[in-house]
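What you see is a predicted model, and the numbers here were worked out from it, not measured in a lab. All chains are named by letter (A, B, ...) in the order of the sequence lines, taking the proteins before the strands, and each is independently numbered beginning at 1.
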Amino acid sequence: MSRRAAAPTRALAWLPIIALAIFILTPQVSSLTYAFFRSDGTFTTDGLTGLADSGAIVAPLIRSLVIASLTVVVLVGTLVPAVVAVHLWAPKLRSVLGILCTLPLVIPAIAIVAGLSAVLRGLASQGRGSVGMQISTALQSQDLPLVLVGTYVVLCLPFTYRSIDSGLSTLPLRTLFESSSVLGASTPDTLRRVVLPNIAGPVMFSAFYAFALSIAEYTVAATLSIPMLPVYLNTLSSTNFRGSITLSVLLSLTTWLLLAAATVSASRFGRTSAPASRKETTTR
Amino acid sequence: MSTHVQTAGASATGSDEPMSVSFSRIHKSYGSTSVLTDLSMEVDAGSMVSILGPSGCGKTTTLRVLAGFEPVDSGDVLVGGRSILGLPPRRRDMGMVFQSYSLFPNLSVDDNIEYGLRIRRIDRAARRTRTDELLDVCGLGGMGDRYPHQLSGGQQQRVALARALATRPKVLLLDEPLSALDAAVRSSLRDEIRRVQQALGTTTVFITHDQGEALAIADRVAVMNAGRIEQYAPPHEVYAHPSTPFVSRFVGTINEVAVPRSWSASDDLPVDALGDDVVFIRPEDLAVDPDPGGQLVVTRQTYTGERTMVRLGRPGDDSVEWSASLASADAHAVPPGTRVRTRVTGQPAMRLPVGEAGGRWA
């Protein structure tokens, strides 16, 4: 390819990136500007102080952090053993599992929460004091809304499953399990010492991703009237608009950082080894 | 044929009492296909036994039965006289080296070797001592900090061997440990495995489809075919005195010649493929002399350095295709196209009535 032709082509390659950057960054920059600058151009921290003063932010913030943490724990704790089990003992089910885990991607959040509400109502309708009622109430408890943990785990599945599944498929899982068990290790031992370290990248990606999704999720929390951080953000916008924008900027920034960490860890902490070459040279 | 490697037994680096292994009448089927049929075999304590056979003969299954990865339909497996059939793999106290990719990629060479010791909660100082011993014995000095992906295939298998031996297992199992390696590495590593095995005195069972390996380093060779052991004997026996046609064909090259019942080794070899018996003759037991009136002609030669495999044929008759192994200097005298005659030096490896010879005589 001649050098004359290369330069315009390279410039052309940058165009979509620039366009996308403008599209994504414009609302962020606008929000950032509004959060910290008054309309006459003076710098202000009113947005921040407004948030801190009321103290109303504390409860939703803590609630979101707790639920996000629980989501990460439950997600990793169930998904990793499940995918390992399928790889080891039921490889034919891999495609079925893949389809199931990708379903949440195509079902709108509002549809998920509509179905969820119906189930919760159904449980509650069993009457005061019944087991169904107790379960329904417990799940939606304002202190620890476990219903959100379950929902968010499901919402995370499409990308986290794909990541963990790909990571595992690069491992000679059966041989690793067998050599580990001959050496005296139990299955949990092997998972902990051999499998998890080798999928550290996908697991960390899943953790960051799940955390980011959980603290920023609005639809399900709002529909179930559980005051999580994004829901609080929405109510705040009617009383302290600049404050709500500031919070929105902070939340966006946090989510961005989490997703960046997720992406970086997926590549940096990927398998520590390249697959060994099958033939070696004659030098030792 | 490769020479059998004999190494002087060095003092064992603290092995426990070596154990015998015994397979007793093992039967195993997958559905209606029988994979192992009435398999029985005794492995003497401290010895190295090779199970040799073509793909699908059941050798891998036999090893996996011993390791505990495959159940059996009936029969028993004993180590040191005690049945281990009820034990899961992790409680059988064995060491195993797989064909490839069995090292833990996230652990260094040191940590890989220590893995079994860590599981057993051996203290750090003892682990370090044992690891250093094994790095030394297996020729891995100075490589403790490296990771598997930084090692060559041969080095990886040596680490796998060190790791398997770290816990002083009762039995060492080797599942085609050299198959994934280059030829040059294969032969040196093969001899090293034998050296280490003799130094430590560990009872070892290794499976291979490469007869050269089996003959070179095993104390006894079990030749398997279709789920049965056809012959179980020291390498020289298996080669020079095969007990079945399969063994004579699978191990080394063999010439099969139809002879009349009255034929003896001092007679000429008849070239027409009709007779009552089939004699099985090793290539090195055939001498070739140039003879203008001979019925055979040299069709080609395969030079392998010290020896040359000389192929003989009968003009116009495709049924005769014999191989004679000559010293390369002697092969010079009979270039392709020369008319020759052959005679048998020494004894045929086997002689059977045509009906029992199988193969192309069936």
Practice prompt. Output, in order, the C-alpha distance, side-chain angles, deciding distance and verdict of salt bridge (Lys or Arg N to Asp or Glu O under 4.0 Å) for B/Asp73 and B/Lys28.
Written response: CA-CA 5 Å; B/Asp73 299 333; B/Lys28 182 173 174 64; 5.4 Å; no
Discussion item. Let's test your reading of the structure: which of B/Gly95, B/Ala166, B/Ser102, B/Ala164 forms the most heavy-atom pairs below 4.5 Å with chain A?
Written reply: B/Ser102
Worksheet item: For B/Leu103, is it the side chain, the backbone, both, or neither that has a heavy atom closer than 4.5 Å to a heavy atom of chain A?
Response: backbone
Worksheet, complete the sentence: The interface call for B/Arg120 against chain A, heavy-atom contacts under 4.5 Å, is side chain
Worksheet item: Hey, are B/Arg190 and B/Glu213 close enough for a salt bridge, meaning a charged N less than 4.0 Å from a carboxylate O?
Response: no
Discussion item. Salt bridge check, B/Arg194 against B/Asp191: does any charged N sit closer than 4.0 Å to a carboxylate O?
Written reply: no
Enumerate donor-acceptor pairs with a distance under 3.5 Å from any side-chain N or O in residues 250-257 of chain A to protein atoms, sequence neighbours excluded.
from, atom 1, to, atom 2, distance (Å)
A/Ser252, OG, A/Ser248, O, 3.1
A/Thr254, OG1, A/Leu250, O, 2.7
A/Thr255, OG1, A/Leu251, O, 2.6

Worksheet item: Is it true that a side-chain atom of B/Arg158 and a backbone atom of B/Gly139 form a donor plus acceptor pair closer than 3.5 Å?
Response: yes
Fill in: Residues of residues 173-187 of chain A near chain B, each having a heavy atom less than 4.5 Å away
A/Thr175, A/Leu176, A/Glu178, A/Ser179, A/Ser180, A/Ser181, A/Val182, A/Leu183, A/Gly184, A/Ala185, A/Ser186
Please tabulate, for the side chains in residues 205-215 of chain A, all donor-acceptor contacts under 3.5 angstrom to protein atoms that are two or more places apart in sequence or on a different chain.
from, atom 1, to, atom 2, distance (Å)
A/Ser206, OG, A/Pro202, O, 2.8
A/Ser214, OG, A/Ala210, O, 2.7

Run the side-chain donor-acceptor check on residues 75-83 of chain A: report pairs under 3.5 Å with partners two or more places apart or on a different chain.
from, atom 1, to, atom 2, distance (Å)
A/Thr78, OG1, A/Val74, O, 2.7
A/Thr78, OG1, A/Leu75, O, 3.4

